[in-house]
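Along the sequence shown, residues are numbered consecutively beginning with 1.
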Amino acid sequence: MAAKRGLDALGYIEREGSPGRVPEAFRPVVAAARERVPDVFGARLHSAYLYGSIPRGTARVGRSDLDLLLALREEPTEADRADARTLDEALDKEFAEIDGAGTLLVGRAQVLSELERHDLGWFVACLCTPLLGEDLAEELPRYRPGTLLARETNGDLALLLPRWRERIAGAVEGTGAGGPAEVALRPLVRYMSRHLVRTGFTLVMPRWNGWTSDLAEMAEVFAAYYPEGGHPRRAAQLREAAVLGREPVGDHDVLRSYVDDLGPWLAAEYARVHGVKKPRP
């Protein structure tokens with residue numbers, strides 16, 4: 001019998017990206033990142049990775065961002081984060097093919113820690129494509145799409161919602177009415193839409209027993225299991241969020257619906273089904 005989407009023949013989640021899948025249009029910016037990261041971080045760098053649509057081969061010119069994860073030999077400092085922001089800004093300014101660049105900094109010990117085994121460790125092992133250095137996936141286990149993975153990856157939505165409300169309020173207060181507010185809110189709609197769709201997907205992932213990073217497919221997988229339990233509109237909400245995750249609009253009402261309705265329901269349902277993520281420092 002054929003393996004489920006995203007799994008190998010033994011039922012483990014396959015690493016989803018590869019250098020060979022990087023679209024031709026994005027190869028110059030990837031090459032620039034590969035060249036500049038060691039110049040910026042030097043001996044502090046352990047390894048570097050791509051993640052997101054570019055290594056998956058689904059990036060769109062002028063619409064997709066460049067996502068980098070850098071594992072440092074020690075825990076990142078504020079100076080490291082400032083260097084990463086400078087690198088991101090330079091790449092975004094120089095390469096019109098990307099709509100922004102974002103570099104996630106982590107420490108090698110954190111990636112390999114027991115606490116992060118089924119969250120950050122899984123992320124590196126399954127969703128990140130090696131770019132430089134020794135691949136930390138070699139020191140991590142294989143992963144199946146079970147309830148432990150579901151809980152540790154997305155079981156903290158309830159903790160995030162208050163921060164989301166603060167970010168929404170800050171964006172509105174900082175821009176005022178009209179066009180600027182729409183521009184400021186659009187990245188929040190994209191980020192929160194994607195996060196909610198992925199949370200809805202991992203809620204049902206163990207039952208579906210597969211893996212995908214395609215937002216539309218995630219929403220459809222969720223819809224296959226809900227409206228059970230008397231929640232017929234949740235599938236429609238996830239489908240709409242999947243659309244907004246790719247084509248965001250700076251709509252304040254959308255964001256309010258996320259933090260006042262869909263988000264709280266999803267957080268409560270997640271806790272009921274999978275429990276709550278282990279507390280982090």
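Between the NZ atom of Lys277 and the NE2 atom of His118 there is a distance of 12.5 Å, given to the nearest 0.5 Å. Here the straight-line distance linking atom CE of Met205 with atom OG1 of Thr199 works out to 11.0 Å at 0.5 Å rounding. One finds the CZ atom of Arg198 at 10.5 Å from the OG1 atom of Thr212 (value rounded to the nearest 0.5 Å). Interatomic distance, Leu45 CG to Arg108 CZ, rounded to the nearest 0.5 Å: 12.5 Å. Interatomic distance, CD of Glu94 versus CG of Leu91, reported as 7.0 Å (0.5 Å rounding). Here the CG-OG distance, from Leu215 to Ser193, works out to 9.0 Å after rounding to the nearest 0.5 Å.
Arg36 contributes no side-chain N or O that, together with a main-chain N or O of Leu87, makes up a donor-acceptor pair within less than 3.5 Å. Using modelled atom types, one side-chain atom of Arg44 and one backbone atom of Phe41 make a donor-acceptor pair closer than 3.5 Å. A distance-only check finds a donor-acceptor pair linking the side chain of Arg60 to the backbone of Arg246 [under 3.5 Å]. With Arg144 contributing its side chain and Leu10 its backbone, the two residues share a donor-acceptor pair below 3.5 Å. Between the side chain of Arg81 and the backbone N or O of Leu105, no donor-acceptor pair lies under 3.5 Å. With Ser257 contributing its side chain and Val254 its backbone, the two residues share a donor-acceptor pair below 3.5 Å.
When every heavy atom of Leu161 is checked against every heavy atom of Pro264, the shortest pair comes out as CD1-N, 3.6 Å. Nearest heavy-atom pair across Pro145 and Asn209 is CG-OD1, 3.3 Å. The minimum heavy-atom distance between Ala150 and Tyr270, with the atom names listed, is O-OH, 2.6 Å. Tyr49 approaches Cys128 most closely through the heavy-atom pair CB-CB, 3.7 Å. Scanning all heavy atoms of the two residues, the minimum distance from Val189 to Tyr258 falls at O-CE1, 4.4 Å. Residues Ala33 and Pro38 approach most closely at O-CD, 4.4 Å, considering heavy atoms.
Linking ILVMFWY residues whenever their side-chain heavy atoms come closer than 4.5 Å, directly or via other members, leaves Leu160 and Val276 in distinct clusters. A continuous path of hydrophobic side-chain contacts links Leu157 to Phe123 [ILVMFWY only; heavy atoms under 4.5 Å]. The cluster map of Ile, Leu, Val, Met, Phe, Trp and Tyr, joined by side-chain heavy atoms under 4.5 Å apart, puts Leu70 and Val106 in different clusters. Trp265 and Met218 fall within a single hydrophobic cluster, where Ile, Leu, Val, Met, Phe, Trp and Tyr are joined by side-chain heavy atoms under 4.5 Å apart, directly or via other members. Both Leu196 and Phe201 are members of a single hydrophobic cluster when ILVMFWY side chains are connected at heavy-atom separations under 4.5 Å.
Annotation: side chain of Arg190 is in contact with side chain of Asp99 (closest heavy-atom distance under 4.5 Å). With a 4.5 Å cut-off on side-chain heavy atoms, Leu66 and Glu97 do not count as touching. The shortest side-chain heavy-atom distance between Leu127 and Glu16 falls under the 4.5 Å cut-off. His46 is listed as a side-chain neighbour of Glu134, based on a closest heavy-atom distance under 4.5 Å. Phe222 is listed as a side-chain neighbour of Arg234, based on a closest heavy-atom distance under 4.5 Å. Between Glu240 and Leu262 there is no side-chain heavy-atom pair separated by less than 4.5 Å. Under the 4.5 Å side-chain criterion, counting only non-hydrogen atoms from C-beta, Leu131 is in contact with Val30. Ile168 is listed as a side-chain neighbour of Met192, based on a closest heavy-atom distance under 4.5 Å.
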| side-chain contact (heavy atoms from CB on, under 4.5 Å) assessment of Leu140 paired with Arg117 | CA-CA 8 Å; Leu140 291 162; Arg117 182 65 51 85; 4.2 Å; yes

| query | Run the ring-ring contact (aromatic ring centres under 6.0 Å, His included) check on Tyr12 and Trp211 step by step: do they pass? | reply | CA-CA 9 Å; Tyr12 293 108; Trp211 176 261; over 10 Å; no

| task | Output, in order, the C-alpha distance, side-chain angles, deciding distance and verdict of side-chain contact (heavy atoms from CB on, under 4.5 Å) for Leu68 and Leu104. | result | CA-CA 6 Å; Leu68 296 169; Leu104 177 62; over 6 Å; no

| said: Walk me through whether Asp67 and Ile54 qualify under side-chain contact (heavy atoms from CB on, under 4.5 Å). | reply: CA-CA 8 Å; Asp67 295 310; Ile54 289 179; over 6 Å; no

| query | Given Leu203 and His274, is the side-chain contact (heavy atoms from CB on, under 4.5 Å) satisfied, shown in steps? | reply | CA-CA 8 Å; Leu203 172 65; His274 296 301; 4.0 Å; yes

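Checked against the 6.0 Å centroid criterion, the rings of Trp208 and Tyr225 do not qualify as a close aromatic pair.
Applying the side chain to side chain contact (heavy atoms under 4.5 Å, CB included) test between Thr202 and each of Val197, Asn154, Leu149 identifies Asn154 as the sole match. Applying the side chain to side chain donor-acceptor pair (under 3.5 Å) test between Arg15 and each of Thr129, Asp8, Asp135 identifies Asp135 as the sole match.
Taking a cutoff of 4.0 Å between a charged side-chain nitrogen and a carboxylate oxygen, Arg272 and Glu269 qualify as a salt bridge. Ion pair Asp156/Arg280 not flagged as a salt bridge, since none of the NZ, NE, NH1 or NH2 atoms sits closer than 4.0 Å to an Asp/Glu carboxylate oxygen. Salt-bridge check for Arg256 with Asp251: failed, with every basic side-chain N at 4.0 Å or more from each acidic carboxylate O. The pair Arg5-Asp214 does not meet the salt-bridge criterion, since no charged nitrogen lies less than 4.0 angstrom from a carboxylate oxygen. The residues Lys278 and Glu114 are annotated as not salt-bridged, no charged nitrogen and carboxylate oxygen being separated by less than 4.0 angstrom. Taking a cutoff of 4.0 Å between a charged side-chain nitrogen and a carboxylate oxygen, Arg186 and Glu182 qualify as a salt bridge.
Looking at Trp122 and Glu152, their side chains never bring a donor and an acceptor atom within 3.5 Å of each other. No side-chain donor-acceptor contact under 3.5 Å links Thr86 and Asp83.
Enclosure of atom CD in Glu74 is not indicated, since only 12 or fewer non-hydrogen atoms of other residues, nucleotides or ligands lie within 6.0 angstrom.
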